[in-house]
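Notes for the one structure printed next.
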Amino acid sequence: MSPASETLPKAYDPTEVEARWYPRWTDAGIFRAEAADTLEGGREPYVIMMPPPNVTGTLHNGHALFVTLQDILIRYHRMKGKNTLWLPGVDHAGIATQAVVERELKRHEGQSRHDLGREAFVERVWEWKERNGSRIVEQLKVMGAAADWTRERFTLDPTCSRAVNEAFVRLWDEGLIFRGERLINWDPATRTALSNEEVEHEEREGELWRFAYPLTGSDEEIVVATTRPETMLGDTAVAVHPEDERYAAMVGKKLRHPFFPERELAVIADSEVDPTFGTGAVKITPAHDPNDFEMGKRHDLGFLNIFDLEARVNENGGPFQGQDRYVARENVKTELERLGLARGGEAMTHAVSISERSGEAVEPMLSRQYFVRAAPLAAEACAALDELGQTELIPASWKSTWDHFMKNIHDWCISRQLWWGHRIPVFYDTKKLEEAIHSDASRKGGDTAALRALEGGAQRGDLVRLALDTVDEDLVRSFSVASRENLCEGASGERYVQEEDVLDTWFSAGLWPMSTLGWPEETDDLRAFYPGAVLETGFDILFFWVARMMMFGCHFMGRAPFGHIFLHAMVRDAHGHKMSKSLGNAIDPLDVIHGISKDALIEKTKTYPVPEKNLSRVLKALAKEYPDGIPASGADGLRFSLAALSGQGRDVKLSIPRVAGYRAFLNKVWNATRFALMGMGEEEPPPLDACLDRFSMADRWILSRLQAATERVAAGIETYRFDEAANGVYQFFWNEFCDWYIELSKDALMPDASQETRQTTRSVLIHVLDASMRMLHPICPFQSEEIWQRLPGRDTRWGSEVPFCAVAPFPEVDASLVDLEAETQIDRVVRAVSRLRNLRQESGLPQRQRIPAVILAEDDAVRESLGSVADEVKRLARLSELQIDKPSAYSVPTQAAVHAEPDLQVVLPLEGLIDLDAERGRVEKDLARARKELEGYERKLGNPGYVNKAPAEVVEETRARAGRCQEKIEGLLGSLERLGAS
RNA sequence: AGGCACGUAGCUCAGUGGCUAGAGCGCCGCCUUGACACGGCGGAAGUCGGCGGUUCGACCCCGCCCGUGCCUACCA
């Protein structure tokens with residue numbers, strides 16, 4: 001019989017334990033889900049689609065949070081017997097990935113993607129993906145993610161691509177996808193269109209600058225105010241409010257453009273103009289401003305595009321052609337000043353639209369793109385939440401934000417001028433193209449650029465591109481075919497040219513809940529696992545992603561893709577700042593798990609894109625924040641922390657000291673196990689059922705508390721209150737099991753206790769540990785598995801068909817073990833011990849000194865129950881002797897410290913041991929507190945409104961409290977008297 | 001500008017229309033008590049952002065204000 005303290009190390013080492021279990025779980029295939037279990041076996045499915053991280057990135061702490069929360073849900077429901085599927089995958093992340101590879105290409109080979117050509121470039125991106133994609137998978141495994149890797153998906157793999165084409169063609173056929181000219185968000189840096197959701201608004205310092213447009217044939221002028229003077233090169237009108245008397249006479253007149261005398265600007269009246277802002281007159285640039293665009297349509301103005309694709313002034317800008325927009329801004333101002341048209345200006349902060357991708361200011365551009373008509377789809381998605389009740393948004397506070405977005409949704413620009421992604425499955429029929437060009441030309445008076453190109457024998461591709469941009473939209477549609485098959489392959493290949501643009505990444509991501517299961521094929525997986533139970537993700541992609549999945553799921557499957565949408569908070573640093581590499585405060589989850597030294601952390605941060613001017617400040621802050629680096633918390637430690645810190649607010653502030661605190665908990669769990677196994681050897685404890693009639697009060701108590709904890713933890717997970725679940729395990733295990741049960745049961749394990757008592761206590765210890773590990777498992781899978789495996793009698797309890805804690809049942813509440821009597825009694829013991837400890841320390845008695853004590857209680861049963869644990873009380877309060885008596889049978893000595901509880905009094909006879917003044921001070925303080933409390937009760941009871949209107953039991957309770965308080969005061973007065981009399 | 005959160009101990013956060021408002025970390029003191037110093041025991045510390053209102057009673061419900069954060073938005 002070897003003591004367990006020799007087999008279990010003294011301190012818990014997560015690194016060693018965590019490396020061991022993941023392969024065993026996957027080798028046993030316990031994360032794999034079978035459609036047949038549900039389709040034939042009728043097992044209820046529980047499905048989560050993992051939000052696919054960007055294939056080229058690495059996981060950060062935001063990912064760590066979603067991994068933790070989803071894994072908790074998945075593991076919990078698996079233990080609850082559901083047919084559980086967590087489907088993992090990665091996203092091709094169009095712009096982000098392409099940008100990374102382009103940057104690498106430039107840096108290492110000095111080439112642009114255009115130098116390489118489309119095919120070769122895409123090849124490079126695939127290579128990059130193959131090299132980097134697996135890192136995410138490794139990270140997920142280190143985190144413990146219980147995902148079904150046999151079903152791992154990539155948004156560009158054939159199954160997903162097929163779904164994308166299917167969805168596109170169906171929407172096209174239904175008229176929900178169209179190609180049209182709109183004012184879109186153009187990112188001049190990455191040279192692609194963006195959706196509204198990829199644009200951020202930032203407040204920036206700017207200038208509201210004024211200049212004058214002279215009226216033609218008059219000395220009069222009209223002064224306009226603008227933050228973008230360069231756009232005046234594309235102005236086609238000036239608008240005023242129809243009721244603005246200052247300008248009433250000018251409406252309908254013409255203005256002269258200072259640089260282009262041939263262009264006449266109209267003065268128009270429109271009620272959208274705010275007469276109180278600026279000069280009350282607005283310059284209108286319909287091709288480069290969303291408001292002006294609308295205005296232009298209303299008033300049939302000219303749309304003059306003045307920028308090229310890199311936001312340099314184009315040929316319409318005359319002398320300013322070729323200048324960057326910001327350069328042109330200054331030059332236009334200078335020139336207007338020279339012409340005497342400048343009219344001053346003032347500083348102003350205004351919102352600038354920024355590309356989320358490049359950080360560059362977005363240029364609104366008139367452009368032909370593919371769009372999804374989002375409104376009808378949004379209506380279906382809203383119905384799923386509202387009328388149909390298929391989906392619930394949690395926390396519900398997001399509902400109003402959701403509604404506002406969905407009811408005001410704009411058409412969704414889905415074409416991107418990129419090479420990495422799903423190429424749009426639209427094919428242009430070159431035969432019909434010619435007809436279209438001719439029809440277009442005849443509509444437009446016979447001569448068009450496209451016609452000239454056609455007759456000049458232009459290359460097919462160039463001709464298509466030209467026609468797409470210039471031929472009337474309905475005629476473009478006449479030579480466009482959306483097709484599931486690639487029409488450029490095979491016999492008819494010669495005839496077709498495929499659209500060059502690719503789809504917005506979120507288009508394929510929107511199909512994720514279906515495409516991953518094989519849609520449009522009616523697969524078993526699709527039948528078994530659609531819809532999913534919950535979509536768990538950050539609120540920052542509610543619209544990017546969640547809304548799109550809802551729209552597509554409802555539209556194509558006729559049913560919302562998940563029952564719950566749970567939006568978790570954002571992970572921030574300890575100060576509440578968003579973690580980001582460019583701020584230098586991003587912490588890699590692996591560094592938390594494995595630990596990292598201060599120096600290594602600083603070196604690593606130096607490789608992040610922190611702006612030069614901030615670097616030294618950032619590094620200094622880092623050194624201050626982590627003077628000792630980051631201690632290794634293990635995956636379990638990080639997971640526990642994230643769960644415990646994830647309230648339902650919008651932030652999770654990850655503070656490393658806090659993580660260390662939770663890691664201490666895991667050490668505590670480990671050592672409680674060491675204690676339980678100590679001296680037990682291979683000997684199996686009897687099953688709990690065999691001990692029912694031999695339980696001590698403490699046994700009954702801890703088993704009762706276990707039921708409460710079980711309920712709390714399960715409820716926490718089921719209501720997405722992961723902090724509740726984590727705290728539930730924490731408090732039960734540490735504050736009840738370790739602090740009291742283990743302490744109370746030590747005597748029962750000593751060699752002088754009877755064999756029977758020892759066996760019963762061990763049975764309870766092992767039972768509680770077994771249940772606790774199963775309760776802890778969803779949050780801390782590694783440690784719970786390790787300990788659960790080591791508990792003696794595992795096979796007897798669970799049999800060989802339950803080889804892992806990961807597949808053992810989650811504890812169920814056993815009502816027969818709920819024991820209120822035991823709770824009352826142990827609560828009394830806890831109070832007595834605590835008061836004794838408090839008295840001795842308040843009286844300044846050193847910890848090592850054992851002292852005698854007396855507990856007085858009127859009630860026979862109280863005395864009896866305390867008497868039954870007298871030895872334990874003596875040990876816990878470090879007493880030399882303990883007398884338990886009726887108050888009437890004991891006369892409190894003059895020099896004594898006394899504390900009264902409602903049902904008992906604790907007394908430390910302190911003859912010669914105490915400082916009388918200090919004792920008197922303590923009692924007086926107590927007295928003051930009690931008097932204040934009593935005052936409160938009396939004020940309430942003296943209030944007729946309270947006595948009459950408050951519920952009778954509340955009033956009664958207050959009376960009882962007042963009574964007890966009064967007794968306590970009398971006791972304290974008695975003490976004071978004794979002390980004073982000495 | 002509108003919307004949504006949040007404001008509770010030095011820090012990070014729980015909390016319920018009625019018990020003397022709690023936890024972890026930090027702080028102070030004591031303790032190498034036969035699992036654990038990543039530990040044990042005890043302690044100090046909060047006018048629950050401000051002002052009103054509803055109520056017998058408000059940290060909690062309502063209104064306004066102040067502050068912070070986020071989202072949405074066409075004021076050039």
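Only heavy atoms go into these numbers, but all of them, side chains included; no hydrogens, no water, no symmetry mates. Below, chains carry the letters A, B, ... as their sequence lines are ordered, and counting in each starts from 1.
Candidate nucleotides B/A35, B/A76, B/G43 were compared by shortest atom distance to the side chain of A/Glu842, and B/G43 ranks first. Of the candidate nucleotides B/G24, B/C71, B/A73, B/G24 has the atom nearest to the side chain of A/Tyr730. Distances were taken from every side-chain heavy atom of A/Tyr946 (C-beta onward) to each of B/C36, B/G34, B/C56; the shortest belongs to B/C56. The side chain of A/Asp739 has B/G40 as its nearest neighbour among B/G40, B/A35, B/G3. Side-chain proximity of A/Thr227 to the nucleotides B/A76, B/G43, B/G15 is greatest for B/A76. When distances are taken from the side chain of A/His404 to each of B/U32, B/G42, B/U72, the shortest belongs to B/U72. Distances from the side chain of A/Arg658 to the nucleotides B/G34, B/G24, B/C31 place B/G24 closest.
Annotation: cation-pi geometry not satisfied between A/Lys668 and A/Tyr12 (NZ/CZ under 6.0 angstrom from ring centroid, within 45° of ring axis).
Taking only distance into account, the side chain of A/Glu743 meets the base of B/A35 through a donor-acceptor pair shorter than 3.5 Å. Not a single donor-acceptor pair, N or O on each side, falls under 3.5 Å between the base of B/C38 and the side chain of A/Lys668. Side-chain atoms of A/Gln847 and base atoms of B/G42 include no donor and acceptor less than 3.5 Å apart. Checked by distance alone, A/Gln841 brings no side-chain donor or acceptor within 3.5 Å of a matching partner on the base of B/C30.
Remark: of the listed residues A/Ile284, A/Thr236, A/Asp270, A/Asp270 is the sole one forming a side chain to side chain contact (heavy atoms under 4.5 Å, CB included) with A/His299.
Here the separation of B/A9 from B/G46, taken at their P atoms, is 10 Å to the nearest Å. Distance check on atom C1': B/C59 versus B/C25 gives 23 Å, rounded to whole Å. B/C36 and B/C31: their C1' atoms are spaced 15 Å apart (whole Å). When the C1' atom is compared between B/G10 and B/C56, the two are found 38 Å apart, to the nearest whole Å. For B/G50 and B/G42, the C1' atoms lie 37 Å apart once the distance is rounded to whole Å. Only the P atoms considered, B/A58 is 13 Å distant from B/G52, to the nearest whole Å. Separation of the C1' atoms belonging to B/C41 and B/C71 is 49 Å when rounded to the nearest angstrom. A distance of about 32 Å separates the P atoms of B/G15 and B/A73, rounded to the whole Å.
The CG-P distance, from A/Leu542 to B/U72, rounds to 10 Å in whole Å. Atom-to-atom, CG of A/Asn838 to P of B/G40 comes out at 18 Å; the value is rounded to the nearest Å. Atom CD of A/Glu230 is separated from atom C1' of B/A76 by 13 Å (rounded to the nearest Å). Distance NE2 (A/His201) to P (B/G3): 18 Å, rounded to an integer number of Å. What separates CD of A/Glu294 from P of B/A76 is a distance of 16 Å, to the nearest Å. Across the protein-nucleic acid pair, A/Glu938 atom CD and B/G57 atom C1' stand 17 Å apart, rounded to whole Å. Rounded to whole Å, the distance from CZ on A/Arg674 to P on B/A35 is 8 Å. To the nearest angstrom, P of B/G18 lies 17 Å from CG of A/Asn943.
Atom NZ of A/Lys399 is surrounded by more than 12 heavy atoms from other residues, nucleotides or ligands within 6.0 Å.
Of all the heavy atoms in A/Trp402 and A/Phe543, the pair that sits closest is CA-CE2, 4.2 Å. Taking all atoms of both residues into account, the shortest heavy-atom contact from A/Arg228 to A/Thr231 is O-OG1, 2.8 Å. Among all heavy-atom pairs drawn from A/Pro944 and A/Gly942, the shortest one is CD-O, 3.3 Å.
Taking only side-chain nitrogens and oxygens, A/Trp734 comes nearer than 4.0 Å to OP1 or OP2 of B/G40. Phosphate proximity of B/C4 to A/Lys399: absent, as no side-chain N or O sits under 4.0 Å from OP1 or OP2. For the pair A/Asn408 and B/A73, the criterion of a side-chain N or O lying under 4.0 Å from OP1 or OP2 is not met. Listed pair A/Arg837 / B/U33 fails the phosphate criterion, with no side-chain N or O lying under 4.0 Å from OP1 or OP2. Not one side-chain nitrogen or oxygen of A/Lys10 sits closer than 4.0 Å to the OP1 or OP2 atom of B/C38.
Residue order along RNA chain B, read from the 5' end via each residue's closest nucleotide, puts A/Glu933 first among A/Glu933 and A/Phe405. Taking for each of A/Leu208 and A/Ala11 the nucleotide of RNA chain B with the nearest heavy atom, the 5'-most of the two is the partner of A/Ala11.
In terms of the side-chain hydrogen bond (donor to acceptor under 3.5 Å, both in side chains) criterion, residue partners of A/Arg343 (sequence neighbours excluded) are, by chain and number, A/Glu221. Scanning for salt bridge (Lys or Arg N to Asp or Glu O under 4.0 Å) contacts around A/Glu736 gives A/Arg705, with sequence neighbours left out.
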Going through the checks in order, is the side-chain hydrogen bond (donor to acceptor under 3.5 Å, both in side chains) test met by A/Arg712 and A/Gln731? CA-CA 11 Å; A/Arg712 183 174 172 198; A/Gln731 284 168 12; 3.0 Å; yes

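Ring geometry for A/Tyr213 against A/Phe211 counts as perpendicular: the plane angle is over 60°, on a 0 to 90° scale with 30° as the lower cut.
Every stem involving RNA chain B, taken as at least 3 paired positions in a row under the Watson-Crick or G-U wobble test at 3.5 Å, is listed here: B:1-7 with B:66-72, B:10-13 with B:22-25, B:27-31 with B:39-43, B:49-53 with B:61-65.
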